[in-house]
Amino acid sequence: MKEAFEQPTLSLLHQGHAPVVIAVFRSAFSREVPAVPAARLHEMVEAFLTELRLSGLADREVPAGSGRGLCRKWVSDQWLIRSPTEDGTEQYTLTSHAQDALRLVEQLTRERATLSEHRIATILEQVRRFNRVANPDRAARVNILDAEIGRLTRERDRLLAGGDMPAAGADYMLQGFSELTELVAGLPSDFARVSESFTTLRDQIFVSLRGEDRPAGQTVDEYLRQADSLEEATPEGRAFKGAFDLLRDQVLVEQLREDIADLLEHPLAGDILTDSDRADLRGTVSMIRRGMSRVIVERGRATSALKEFITTYDRTRDRELDATLRALESEITVWMLRGGPKTRVPVSLLPAEIEVSLLRERFHDAETSAPPPPLVDVSADQPDAPSMRELLMQGGPSLDALRARLSTLGTSGAPDSAGGLFRGFPNALRRPVEIYGLLHLATNTDALAVTEETEVYDTVRPDGSCRSLEVPRIVPAHGIATAGADDGTTAAVSADGDAERTRSGNDGPHRDERREQST
């Protein structure tokens, strides 16, 4: 009885902080989240404990320590497993003992099942099926099968003939769902127990290997055979192998999924099951596959670790190290007898410096000392050199040529804007980049002004293609006659900035003078 209470499952439930630890485990882990990164769990534990203290829980009821320290303690108590991941980080998972404790607490919080017709029928069916499989008498097995076939045939014929279909009562459905959820809830801990059995077997083989005195060849042959047949080494492994062979049948897996879906669609299922229960039952097949994958991964880790240890283990070096450690231990014992427990001996953490006049960092290497191979002559395949005109066409704006042409803007017979002037340029000066030159010159010249109006520039690229760009209108700043409105008015801007607007009509000329600031 004492040994039973020393098991990790009962030690978790019997300790003073059991409610808090159980609540932390239920909040951090779930069926969808079976593993949590180590750093993440440390932060979650500290946050959960802080929240419990703020809610009014006494300090004595909350475990003391940091999240990292508590997780390490729970690992030593065999409630958590800390294992590396494929990307080099570490994660925590619940052990089978912790999962059994969580399942027991969840069962106690539910309504306990009572004696019912469903439970008795389940017992009778289980005993009948067990006897059909285990009975050593061939005639007895045949009689059991004949009776079952006859009963099922009569029921099938009655339904086909239109017989009554008795509906299952609420109590029957409640008992059935309770037993089903209880069986499904126990699967994660069962898979975890199988996974832990592989780890335990691996550690046992390591201990046996270090203590063996037989030749290395015999040890390698024997333990490689054990590593290749890990499923047969323990009862859990044999049970997992049977479940694995059973679940490889896709027909059975699909039948299980369809049966669960039909039960969840029952009219009474909505009143009996909670949303959590429905989600757990619906994910039964996925949970089984995840559990099997976890066991397979742990089995592969154990197998690879055993093979690597066996192939790289040096018994001679291990014996030399063991002899050296034993000699050090004996010398320490003798020294303690002479020196006493409080005697101090200075020990340098780093070895003393070695005086070396010259320490070669690299040695001669014929391959690195040889000169590189000569370059291959590719002058025959080189393209023709571009002409000066082609290079100039790919360059920036021709500021000198643009400045000379802009000086004629606004003169007699010339366009009244840079856009009109641009249309008369040769193709070499109508590149898109020349527009930047025009804007640059207009911005830095007092004789020109950039208005808010726009006009279209038809540009020509060096390859002959055309593109139209909408650019702000550039006009002379002073002394340029511009077109007026469509009603026949004209405007003349004088040198001092005065503007005179003249209107001509049927009533004779009429002059209206006004002051207008030039652009």
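With sequence neighbours left out, P37 forms a side chain to side chain contact (heavy atoms under 4.5 Å, CB included) with R40. For the side chain to side chain donor-acceptor pair (under 3.5 Å) test, residues two or more places apart in sequence or in another chain that qualify with S465 are R461, D463. Residues satisfying the side chain to side chain donor-acceptor pair (under 3.5 Å) test with T454, not counting sequence neighbours, are E470.
To the nearest 0.5 Å, atom OG1 of residue T9 and atom CG of residue D100 are 5.0 Å apart. Taking CG from L52 and CG from L57, the interatomic distance works out to 6.0 Å, rounded to the nearest 0.5 Å. Put simply, SG on C71 and CZ on R82 are 8.0 Å apart, with the number rounded to the nearest 0.5 Å. The CD atom of E43 lies 12.0 Å from the OG atom of S66; values are rounded to the nearest 0.5 Å. How far CG of L102 is from OG of S30: 11.0 Å, rounded to the nearest 0.5 Å.
No donor-acceptor pair under 3.5 Å is formed between the side chain of T459 and the backbone N or O of R430. With R431 contributing its side chain and M393 its backbone, the two residues share a donor-acceptor pair below 3.5 Å. A donor-acceptor pair under 3.5 Å is formed between the side chain of R278 and the backbone N or O of L264. Between the side chain of E455 and the backbone N or O of G419 there is at least one donor-acceptor pair closer than 3.5 Å. Between the side chain of S330 and the main chain of A327, a donor-acceptor pair closer than 3.5 Å is present. In this structure, the side chain of D137 engages the main chain of A139 through a donor-acceptor pair within 3.5 Å. Counting only distance, with no hydrogens or angles, the side chain of H97 and the backbone of L10 share no donor-acceptor pair below 3.5 Å. A donor-acceptor distance shorter than 3.5 angstrom exists from the side chain of W79 to the backbone of P8, with no hydrogens or angles considered.
Between H17 and V62 the shortest side-chain heavy-atom distance does not fall below 4.5 Å. Side-chain contact between V105 and L13: present, with at least one pair of heavy atoms (C-beta onward) separated by less than 4.5 Å. L41 is listed as a side-chain neighbour of L80, based on a closest heavy-atom distance under 4.5 Å.
We find that R154 and D157 are not joined by a salt bridge, their nearest charged nitrogen and carboxylate oxygen being 4.0 Å or further apart. Taking the charged nitrogens against the carboxylate oxygens, E155 and R158 do have a contact shorter than 4.0 Å, which makes a salt bridge.
Few gaps surround CZ on R103; more than 12 heavy atoms of other groups in view lie less than 6.0 Å from it. Other residues, nucleotides and ligands contribute over 12 non-hydrogen atoms within 6.0 Å of the CD atom of E90.
Of all heavy-atom pairs between A101 and L12, the closest is CB-CD2, 3.6 Å. Contact detail for S468 and D458: the closest heavy-atom pair is OG-OD1, 2.9 Å. What you find for A64 and L70 is that their closest heavy atoms are O-CD2, 3.4 Å. Counting all heavy atoms, side chain and backbone alike, P462 lies closest to Q394 at CB-NE2, 3.8 Å. The minimum heavy-atom distance linking A35 with Q91 is given by the pair CB-OE1, 3.4 Å. The minimum heavy-atom distance linking L281 with I260 is given by the pair O-CG2, 3.3 Å.
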Show your working on side-chain contact (heavy atoms from CB on, under 4.5 Å) between V20 and L49 and close with a plain yes or no. CA-CA 8 Å; V20 175; L49 297 184; 3.7 Å; yes
If you apply the rule side-chain contact (heavy atoms from CB on, under 4.5 Å), what do you find for L469 with I435, and how did you get there? CA-CA 9 Å; L469 301 175; I435 296 178; 3.6 Å; yes
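Listed by first then second residue, pairs satisfying side chain to side chain donor-acceptor pair (under 3.5 Å) with a partner in residues 138-151 read R132-E148, not counting sequence neighbours. The stretch residues 24-56 participates, sequence neighbours left out, in these ring pair (Phe, Tyr, Trp, His ring centres under 6.0 Å) pairs: F25-W74, H42-Y92. Residue pairs meeting the side chain to side chain donor-acceptor pair (under 3.5 Å) criterion with at least one partner in residues 257-268, sequence neighbours excluded, are E254-R257.
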